[in-house]
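Quick notes on the structure that follows.
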There are 2 protein chains.
Amino acid sequence: MQALKYSRQRESIKELLMARHDHPTADMIYTDIREIYPNISLGTVYRNLSLLSDIGEIKKITTGDGADRYDADTHPHNHFICRLCKNVMDLKMEDIGYIKKSASKDFDGIIEDYSVIFYGICALCKDCHKEH
Amino acid sequence: MQALKYSRQRESIKELLMARHDHPTADMIYTDIREIYPNISLGTVYRNLSLLSDIGEIKKITTGDGADRYDADTHPHNHFICRLCKNVMDLKMEDIGYIKKSASKDFDGIIEDYSVIFYGICALCKDCHKEH
DNA sequence: GTTTTTGCAAAGTATTTGCAAATGG
DNA sequence: CCATTTGCAAATACTTTGCAAAAAC
């Protein structure tokens, strides 16, 4: 039975993640957190991101291209990834939670969760024909 | 400009993928295809899966846990992943293509595509309380 | 004959893990 | 003190790549 003990590193990772909204990778977080804890290791960052994700305090976003991203916003919302600049952004759109019911309808198992990612070209890349 | 040349290996990979519906990984395909082409290399499998995916003949499924899966069925449909047995299965459900319109509504960029994955416990794992 | 594809091996990413030392409760 | 977490380094998992030879056209 594993009791959770406080750690400054974990706290700092979560704070950092709550302060930004660009869905950073473990490595981006590692780089930033080193300014506060210069000796923190990448392994610790990965371990804490996994742990926070397991207990539901953050969300892992698997993009299908490169490293996983992390998001401190656990409210139901969807993401968009620009195929040019690769930025991961929040999408403002109406709730589509009912697709879960839709999926459950003729299914014998249990649908617990779902994740949606939209792909395309972001506003900036659309206008400039280059990456951002 | 790159012209596409026939290759038996590529053809075989596509046939194999069309014959099965379990969304295999590159490595599973590699193992199977070796019974036909014992000298095929894993690199060739990866290269062809990428190529087929790029030209839209197959679909890559990124699961967020382990290797990517591949699917020869390119019709719009959604997938379910059991968090116990990790199987990736097709979901029979009504079309939810309108979430794309929903996402486009207040978005300045271009939504080209989307992918949905449902997570939970499959019927078999639900009944047996163990993996399959 | 020129271009594309292959097999092989090596390299490249992303992530996890073993372990002794440090920290938390 | 005992359990958990850390830093470090090594290991692992997955995928891509350089290159000379083979195959396609």
Side-chain angles (χ1 to χ4, degrees), chain A residues 1-17 22-55 57-71 81 86 88 117, chain B residues 1-17 23-55 57-71 81 83 86 88 117:
Chain A
M1 208 102 293
Q2 114 142 331
L4 196 60
K5 286 191 176 173
Y6 170 88
S7 106
R8 310 172 272 165
Q9 289 90 334
R10 180 159 57 237
E11 216 47 38
S12 182
I13 287 168
K14 185 158 182 216
E15 268 169 36
L16 186 145
L17 204 49
D22 60 340
H23 315 89
T25 62
D27 203 68
M28 291 159 100
I29 295 167
Y30 171 63
T31 300
D32 274 21
I33 219 102
R34 265 164 91 89
E35 312 221 326
I36 311 171
Y37 298 102
N39 295 319
I40 198 171
S41 78
L42 188 53
T44 296
V45 173
Y46 272 106
R47 268 186 295 235
N48 279 305
L49 288 171
S50 283
L51 194 160
L52 289 168
S53 176
D54 286 347
I55 63 178
E57 297 201 6
I58 66 173
K59 273 281 196 181
K60 185 170 93 162
I61 307 166
T62 300
T63 68
D65 177 48
D68 288 341
R69 306 301 194 107
Y70 295 89
D71 192 347
I81 303 177
K86 312 289 187 193
V88 179
I117 299 180
Chain B
M1 208 102 293
Q2 114 142 334
L4 197 59
K5 285 189 180 176
Y6 170 87
S7 106
R8 308 171 273 164
Q9 289 90 334
R10 186 186 313 130
E11 217 48 37
S12 182
I13 288 168
K14 186 161 182 213
E15 266 169 37
L16 186 145
L17 203 50
H23 315 89
T25 62
D27 204 68
M28 292 160 100
I29 294 167
Y30 171 63
T31 300
D32 274 22
I33 219 103
R34 266 164 90 89
E35 312 219 327
I36 310 171
Y37 298 102
N39 295 319
I40 198 171
S41 78
L42 188 52
T44 296
V45 173
Y46 271 106
R47 269 186 295 234
N48 279 305
L49 288 170
S50 283
L51 194 160
L52 289 168
S53 176
D54 286 347
I55 62 178
E57 298 201 4
I58 65 173
K59 272 280 197 183
K60 185 170 93 165
I61 308 166
T62 299
T63 68
D65 176 49
D68 287 341
R69 306 301 193 107
Y70 295 89
D71 191 346
I81 303 177
R83 71 169 154 86
K86 313 289 187 192
V88 179
I117 299 181

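Per chain, numbering begins at 1; letters A, B, ... match sequence-line order.
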Problem set entry | Chi angles and distances behind the side chain to side chain contact (heavy atoms under 4.5 Å, CB included) call for B:Val88, B:Ile117 | CA-CA 9 Å; B:Val88 179; B:Ile117 299 181; over 6 Å; no
For this session: Just do the side chain to side chain contact (heavy atoms under 4.5 Å, CB included) check on A:Glu15 and A:Ile36 with the steps written out, would you?
Result: CA-CA 12 Å; A:Glu15 268 169 36; A:Ile36 311 171; over 6 Å; no
Exercise. What's the verdict on side chain to side chain contact (heavy atoms under 4.5 Å, CB included) for B:Ile58 and B:Ile13, showing C-alpha distance, side-chain angles and the deciding distance?
Worked result: CA-CA 11 Å; B:Ile58 65 173; B:Ile13 288 168; over 6 Å; no
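In this structure, A:Ile33 places its CD1 atom 16 Å from P of D:dT5, rounding to the nearest Å. For the pair B:Ile13 CD1 and C:dT6 P, the interatomic distance rounds to 7 Å; values are reported in whole Å. Between A:Ile55 atom CD1 and D:dT5 atom P the separation is 10 Å, expressed in whole Å. Atom CD1 of A:Ile40 is separated from atom C1' of D:dT5 by 11 Å (rounded to the nearest Å). If you measure from atom CG of B:Leu51 to atom P of C:dT3, you get 18 Å, rounded to the nearest angstrom. For the pair B:Leu4 CG and C:dT2 C1', the interatomic distance rounds to 16 Å; values are reported in whole Å. Protein atom CD of B:Glu11 is 11 Å distant from nucleotide atom P of C:dT6, rounded to whole Å. For A:Tyr37 and D:dT6, the OH to C1' distance is 13 Å, given to the nearest whole Å.
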For this session: Sugar-phosphate atoms are those with a prime plus P, OP1 and OP2; base atoms are the rest. Using that split, label each nucleotide of nucleotides 11-23 of chain D B, S or - for protein heavy atoms under 4.0 Å, 5' to 3'.
Result: ---SBBBB-----
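Within the 4.0 Å cut-off from OP1 or OP2 of C:dA22, not a single side-chain nitrogen or oxygen of A:Asn39 is found.
Counting all heavy atoms, side chain and backbone alike, A:Arg69 lies closest to A:Lys86 at NH2-O, 3.6 Å.
Residues satisfying the side chain to side chain donor-acceptor pair (under 3.5 Å) criterion with B:Lys5, sequence neighbours excluded, are absent altogether.
Distance CD/A:Glu11 to CG/A:Leu52: 8.5 Å, rounded to 0.5 Å.
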